[in-house]
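Here is the structure we will look at, set down as structure tokens.
A, B, ... follow the sequence lines: proteins, then strands. Residue 1 opens every chain. Since this is a predicted model, take the numbers as computed values, not measurements.
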Protein chains: 2
Amino acid sequence: MARTQGSHSDITGPRIRKAALGLFARHGYAAVSMRQIAKDVGVQAGALYNYTPDKQSLLFRLMQDHMQDLLAAYGELEKPADAETALRRFVGFHIRFHMERPDEVFIAYMELRNLTPENFSEIEGLRRAYEDSLEAILQDGQKSGLFSVADTKIAILAVIAMLNGVMTWYRAGGRLSLDEVEQVYWDMVRRAVTA
Amino acid sequence: MARTQGSHSDITGPRIRKAALGLFARHGYAAVSMRQIAKDVGVQAGALYNYTPDKQSLLFRLMQDHMQDLLAAYGELEKPADAETALRRFVGFHIRFHMERPDEVFIAYMELRNLTPENFSEIEGLRRAYEDSLEAILQDGQKSGLFSVADTKIAILAVIAMLNGVMTWYRAGGRLSLDEVEQVYWDMVRRAVTA
DNA sequence: GTCTATATGTGGATAGAC
DNA sequence: GTCTATCCACATATAGAC
């Protein structure tokens, strides 16, 4: 039986999220209107509310999906026994995963303050779970005497902050290949934590 | 002669900037209305326009003042001849200067996309001037064989990104003193760039 | 310099026809 | 499921009285 004219539930939902993703990343959540998103998708503003109860949920779902994807992808990596190899793999994974999703990363970092308190807690929990995976590597390396950092908690945040810096300047087709970027960062991270 | 009743040009201007600073940092430029700022100051919204032609100028001036303060303060530091001491001083300066101005720093990083193109270029120029001062230190250290980094441009951005990470977690009265934080970061930066 | 009042536009979200 | 039409709150900015 033919679908009702103008009915596209299977494709409009993803298109809405994709449009919101791009617009939120470019202009910021607060600066983007539901009408802009609708226009990008090619529907009227009212139609968006068949897919999201409100604008906040749209933002939250984008961030939640991103963080869950991150944790799932990291979970599928094999974990080498030796800490240096594990850290190297973490650095490579982090850079590549984030480079492939610049909009999601940008939003996850910039729009935390636009989440409701409940939604914020949820995202914070996911972020911490990811940081814990790096902490495990650093502590393992310190036990074996391979690594040495003055403060593990700070080192985790410092390494992640350093790696996230890639997103602010790297552009495909630039001076360096992704392999080279990964190598340069790994070199600095390794030296920063090695005993 | 007595001032006109309700006239406070000498104090209202700074209060407006201070209120805007706090509100922009907490909620984001796009999410803050001129009415909110006015309420915070204790005047009506229309009165703000005696001090700023528009909301955009308010944002721009906050960012411009911050970057100019940063460059001026760094310019007044004495510059040790040896690169390691110079880098150590840079790290300490950067951490302390930024920790004392969390709102300004937050805005300078988060609200770049809400500047008009002309204003953006202006701020970008100031930011680059600051990065150049770190580049000079790293290149000096590499000439003397003290430092060794795979890519100087990346190293600059990596170091600054790492240091800026402090702002996301440090709170006065926490586990570590500012001296300790400075020491821990210096330790990582030094190792990351030392030959 | 600040106020009140207002012009003018846009925001999120909903109702009901198709 | 999407549309049109609309409610109502709030946005930036200005005008003119005091």
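Taking atom NE2 on B:H27 and atom C1' on D:dA11, their separation rounds to 16 Å, with Å as the unit. Atom NZ of B:K39 and atom P of C:dC3 are 15 Å apart (whole Å). One interatomic measurement links the two molecules: CE of A:M34 to P of D:dA5, which rounds to 20 Å at whole-angstrom precision. The distance between atom OH of B:Y49 and atom C1' of C:dA5, rounded to the nearest whole Å, is 15 Å. Rounded to whole angstrom, the span from the CG atom of A:L48 across to the C1' atom of C:dT14 amounts to 13 Å. Between A:N50 atom CG and D:dC3 atom C1' the separation is 11 Å, expressed in whole Å. Atom CD in B:Q56 sits roughly 10 Å away from atom P in D:dA13 (whole-Å rounding).
Each end of the helix from C:dG1-D:dC18 to C:dC18-D:dG1 yields a helix axis from five base pairs, and these two axes differ in direction by 0° (to the nearest 10 degrees).
Regarding contacts with the backbone of C:dG11, a side-chain N or O of A:S33 is found under 4.0 angstrom from either OP1 or OP2. OP1 or OP2 of C:dT2 lies within a sub-4.0 Å distance of a side-chain N or O belonging to B:Y51. B:Q44 has a side-chain polar atom (N or O) that falls below the 4.0 Å cut-off from OP1 or OP2 of C:dT4. The side chain of A:T12 contributes no N or O atom lying less than 4.0 Å from OP1 or OP2 of D:dG1.
Using a cut-off of 4.0 Å between Lys/Arg side-chain N and Asp/Glu carboxylate O, A:E124 and A:R127 are scored as salt-bridged. Ion pairing between B:D187 and B:R191 holds under the 4.0 Å rule for side-chain N and carboxylate O. Taking a cutoff of 4.0 Å between a charged side-chain nitrogen and a carboxylate oxygen, B:E180 and B:R175 do not qualify as a salt bridge. A salt bridge links B:E135 to B:K153: one of the charged nitrogens lies within less than 4.0 Å of a carboxylate oxygen.
Looking at the side chain of B:K55, the nearest of the listed nucleotides D:dA13, C:dA13, D:dG1 is D:dA13. Of all nucleotides listed (D:dT2, D:dA11, C:dT2), D:dT2 comes nearest to the side chain of A:A47. The side chain of B:D54 lies closest to D:dA13, out of C:dA13, D:dT2, D:dA13.
Among the atoms of the strands shown, none is found under 4.0 Å from any heavy atom of A:V41.
Considering B:Y185, B:Y130, B:Y74 in turn, B:Y130 is the only one that fulfils the ring pair (Phe, Tyr, Trp, His ring centres under 6.0 Å) rule with B:H94. Put simply, the residue from A:V159, A:I154, A:I156, A:V193 that forms a side-chain contact (heavy atoms from CB on, under 4.5 Å) with A:V149 is A:V193.
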Practice item. Test B:D82 against B:R88 for salt bridge (Lys or Arg N to Asp or Glu O under 4.0 Å), laying out the working first. Key: CA-CA 10 Å; B:D82 103 275; B:R88 177 176 204 146; over 6 Å; no
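Residue order along DNA chain D, read from the 5' end via each residue's closest nucleotide, puts A:V43 first among A:R35 and A:V43.
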